[in-house]
Amino acid sequence: MCGIVGYIGNKDVKEIILSGLEKLEYRGYDSAGLAMINKDGMHIFKDKGRIFNLRKIVNNDVESTLGIGHTRWATHGVPNKINSHPHQSSSKRFTLVHNGVIENDDVLKYEYLSKVKFESDTDTEVIVQLIQKFVEDGEPVDLAIRHTMSEIHGSYALAILDKEDNNTIYAAKNKSPLLVGIGEGFNMIGSDAMAMINHTDNFYELHDKEFVKITKDNVEIYTIYGNKIQREPYKAEIDATDIEKGTYPHYMLKEIEEQPFVIRRIMANYKDENGNLHIDEEVLQAVKQCDKVYIIACGTSYHAGLVGKHFLENIAGKHTEVIISSEFVYNTPLLSGKPLFLFISQSGETADSRAVLVKVKEMGYTTLTLTNVKGSTLSREADYTLLLHAGPEIAVASTKAYTAQMAVLAILATLVSNNINIDLMKEFAILANVMETLCDNKDIYDKLAYQYLKDSRSCFYIGRHIDYYVCLEAALKLKEISYIQTEGFAAGELKHGTIALIEKGTPVIAIITQECINLNTRSNIKEVKARGAASIVISTKKLSAETDEIIMNDVHGLLTPIASVIPTQLLAYYAALHKGCDIDKPRNLAKSVTVE
Ligand code: F6R
């Protein structure tokens, strides 16, 4: 979703901000803007569209060493130039960029700003007008910002410039992520370490309701009440080259191909000095001692959670329920006596999941986050964290994080179990090789996508047992990047209504990796073929029929979802490619969904 990057130092700020914003493009956005201060005053460039449009309108003659930039994902008001950030107060003294959503903007307009003429439809403009009002009422700038923070309800990461002070960036945070990047002779502000990683790997994390004053040589963090906070910086473990695309045409393809390597990296990170699987004993005890695991997640992470439930129940014998984050908060199920809440989130920033975390922490329950981003909000705020070690995932459509989530859940379930008889290290080694072979044979997915998916308006994935969970993820992947209406269905359920949608040529893709359902799913394929469907079967070698289109080598029966999803990711990739879609940045989507 929206992204922020700001810089104060000695270098020309334009390229630092523009390339920082480019690093945030993966989060999804529809408009972009930049504000700079120099001796001639404030210079603002913004418009709807991509950063390369912004590059075209930025005046290269403006020289400045202080600026803030923004990518906007519209929530209040359509994506257009006026609603793009930065926004200014009426006097043009204050300029700011904002990530998040202000919930009481209408009340504040009525209460404090009834005489102000608003230019945009955004909630953000209320913040900058409020700062100006409090300054006009006689408050010093930092007090006016903290006063504003106490009036606004909702989520915000703010970077603010004052035209009368070209030595300072002000910043504030609540719920939306924000980091300060620390350098020699410069400092930065950003909503994501990736926007700053080419300049520094040293960061201060900011907590909710904190206010910051940043000059080129100094960073001061305060509470909302103005009390100074001492904080140790931390080093981000991101390799700048990890976020480059290299020779790949798309990040998604790169990330799909990285999956076997990610499995090997997970093995390396979750083993002890004797080569045995290892997870921190405190985490294991927390899971062992609970009477039920509640997995909370959204989208792809939710689909990994469904497989996680299968692992925890079948390997570890732990009752597990999987709940969509946005449903849990307002429709909380009856909870068991001693629950453990397991949050699955690639980004660790998803607002829907965080809302649940805040709620269950207030209820006093134990929390564990499974995330790809060390130091992310969900990681910091939960009692325990398990990392995915998938490396930065840039394509909006999640691939390697999904397989990493399932792999770490398999390790957790195995170590929680007292008597399971799986040599997971050996099985993971086999799995990584099978995944590699699946990635190697790309022609087949390319051809199938061209033949069956390119011109289709709708598609179905069908499967039973754990294959059904993979079907849900496969359908999400296909629809989000190729815009083909796709449903993942329990194969046996189709005949109870949805089979009415099958027409001549409708693609129905079946996944078959479990012996106990092989024949049933094959019967369901016959049913849809009899009604004109064009079927594609993905199966394992052991269960394959000669006519199956995609046959994968065998892996341990519990681990099949980690491999069988790969053909579906590649089918989605090639379908989107043939349709000419923007694969890494699908329309309307954001990588890190930081609003509820
Ligand atoms: C789909 C996708 C989303 C995310 C969802 C949760 O490809 O990436 O469905 O899985 O928005 O995001 P995280 O895992 O960051 O909480």
Side-chain angles (χ1 to χ4, degrees), residues 205 232 234-238 262-297 301 304-305 307-320 322 338-349 353-354 356-357 360-361 364-391 400-429 558-559 562:
E205 65 181 32
E232 286 304 310
Y234 74 94
K235 270 209 183 314
E237 290 164 19
I238 307 176
V262 170
I263 296 297
R264 295 185 186 116
R265 188 156 58 195
I266 288 170
M267 286 161 71
N269 277 282
Y270 283 100
K271 74 175 178 202
D272 64 15
E273 59 275 14
N274 302 319
N276 297 322
L277 281 178
H278 172 80
I279 282 181
D280 189 85
E281 193 51 36
E282 262 192 77
V283 178
L284 289 182
Q285 284 310 322
V287 182
K288 282 182 181 175
Q289 281 163 17
C290 77
D291 63 358
K292 187 164 181 181
V293 177
Y294 290 84
I295 294 181
I296 308 289
S301 298
V307 176
K309 169 185 162 79
H310 185 82
F311 291 159
L312 282 162
E313 294 199 333
N314 288 278
I315 301 177
K318 265 286 160 208
H319 280 296
T320 304
V322 195
K338 200 161 185 284
L340 174 126
F341 285 84
L342 167 51
F343 294 84
I344 307 182
S345 174
Q346 186 284 130
S347 61
E349 299 295 348
S353 300
R354 189 187 180 224
V356 181
L357 178 62
V360 298
K361 277 181 72 173
Y365 295 130
T366 308
T367 52
L368 163 62
T369 291
L370 180 57
T371 183
N372 202 23
V373 185
K374 193 175 174 186
S376 57
T377 306
L378 286 170
S379 165
R380 279 200 320 268
E381 296 183 356
D383 298 315
Y384 309 106
T385 294
L386 291 175
L387 288 175
L388 295 176
H389 301 289
K400 63 176 179 172
Y402 170 72
T403 41
Q405 285 163 347
M406 292 187 290
V408 178
L409 287 164
I411 297 175
L412 179 66
T414 307
L415 291 175
V416 167
S417 145
N418 291 324
N419 53 7
I420 189 76
N421 203 6
I422 311 178
D423 181 349
L424 210 52
M425 282 297 193
K426 183 180 125 226
E427 299 302 341
F428 270 6
L558 278 165
L559 304 181
I562 308 179

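All residue numbers refer to positions in the sequence shown, counting from 1. It should be emphasised that the depicted structure is a prediction, and the values quoted were computed from it without experimental measurement.
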**Request:** Show your reasoning for whether side-chain contact (heavy atoms from CB on, under 4.5 Å) applies to Leu388 and Ile266.
**Result:** CA-CA 7 Å; Leu388 295 176; Ile266 288 170; 5.7 Å; no

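For the pair Ala286 and Tyr384, the tightest heavy-atom approach, listed with the atom from each and the gap, is CB-CE1, 3.7 Å. Scanning both residues, Met425 and Met267, for their nearest heavy atoms gives O-CE, 3.4 Å. Nearest heavy-atom pair across Gln346 and Ser301 is N-OG, 3.8 Å. In plain terms, the two heavy atoms of Val262 and Ala404 that are nearest each other are CG1-CB, 3.9 Å. When all heavy atoms are compared, the tightest approach of Ile344 to Gly305 is CD1-CA, 3.6 Å. What you find for Ser353 and Ala297 is that their closest heavy atoms are OG-CA, 4.2 Å.
For the pair Thr369 (side chain) and Leu378 (backbone), a donor-acceptor distance under 3.5 Å is present. No side-chain donor-acceptor contact under 3.5 Å links Ser417 to the backbone of Ala413. In this structure a side-chain-to-backbone donor-acceptor pair under 3.5 Å is present from Asp272 to Asn274. Of the possible polar contacts, none joining the Lys318 side chain to the Leu312 backbone as a donor-acceptor pair under 3.5 Å is found. The backbone N or O of Ile295 sits nowhere less than 3.5 Å from a side-chain atom of Lys309 that would complete a donor-acceptor pair.
The side-chain heavy atoms of Leu558 and His310, taken from C-beta on, include a pair separated by under 4.5 Å. Contact of the Leu559 side chain with the Leu424 side chain is registered, since non-hydrogen atoms from C-beta on lie closer than 4.5 Å. Residues Thr371 and Phe343 are not in side-chain contact: their nearest non-hydrogen atoms beyond the backbone lie 4.5 Å or more apart. For the pair Val283/Leu386, a side-chain contact is recorded, criterion being any heavy-atom separation below 4.5 Å from C-beta on.
The CG atom of Leu387 sits 8.5 Å away from the CG atom of Asn269 when rounded to the nearest 0.5 Å. Here CE of Met406 is found 13.0 Å from CD1 of Ile411. Values are rounded to the nearest 0.5 Å. Here Lys338 contributes atom NZ and Thr366 contributes atom OG1; the two are 6.5 Å apart, rounded to the nearest 0.5 Å. Taken from CD1 in Ile422 to CD1 in Ile315, the straight-line distance is 4.5 Å, to the nearest 0.5 Å. Atoms CG and OG, from Leu357 and Ser379 in turn, are 10.5 Å apart once rounded to the nearest 0.5 Å. Note that CG of Leu368 and CD1 of Ile296 are 12.0 Å apart. Values are rounded to the nearest 0.5 Å.
Between the side chains of Thr377 and Glu349, at least one donor N or O sits under 3.5 Å from an acceptor N or O.
In summary, of the residues considered (Leu415, Leu342, Leu412), a side chain to side chain contact (heavy atoms under 4.5 Å, CB included) with Val287 occurs for Leu412 alone.
Between Tyr270 and His389, the ring-plane angle classifies as perpendicular under the 30° and 60° cut-offs.
Heavy atoms of other residues, nucleotides or ligands lying less than 6.0 angstrom from CD of Glu281 number more than 12.
The salt bridge (charged side-chain N to carboxylate O under 4.0 Å, His left out) check on Lys235 picks up Asp201, with sequence neighbours excluded. Residues passing the salt bridge (charged side-chain N to carboxylate O under 4.0 Å, His left out) test with Lys374, sequence neighbours excluded: Glu237.
Sorted by first then second residue, the salt bridge (Lys or Arg N to Asp or Glu O under 4.0 Å) pairs that include residues 375-384, not counting sequence neighbours, are Glu205-Arg380, Arg354-Glu381.
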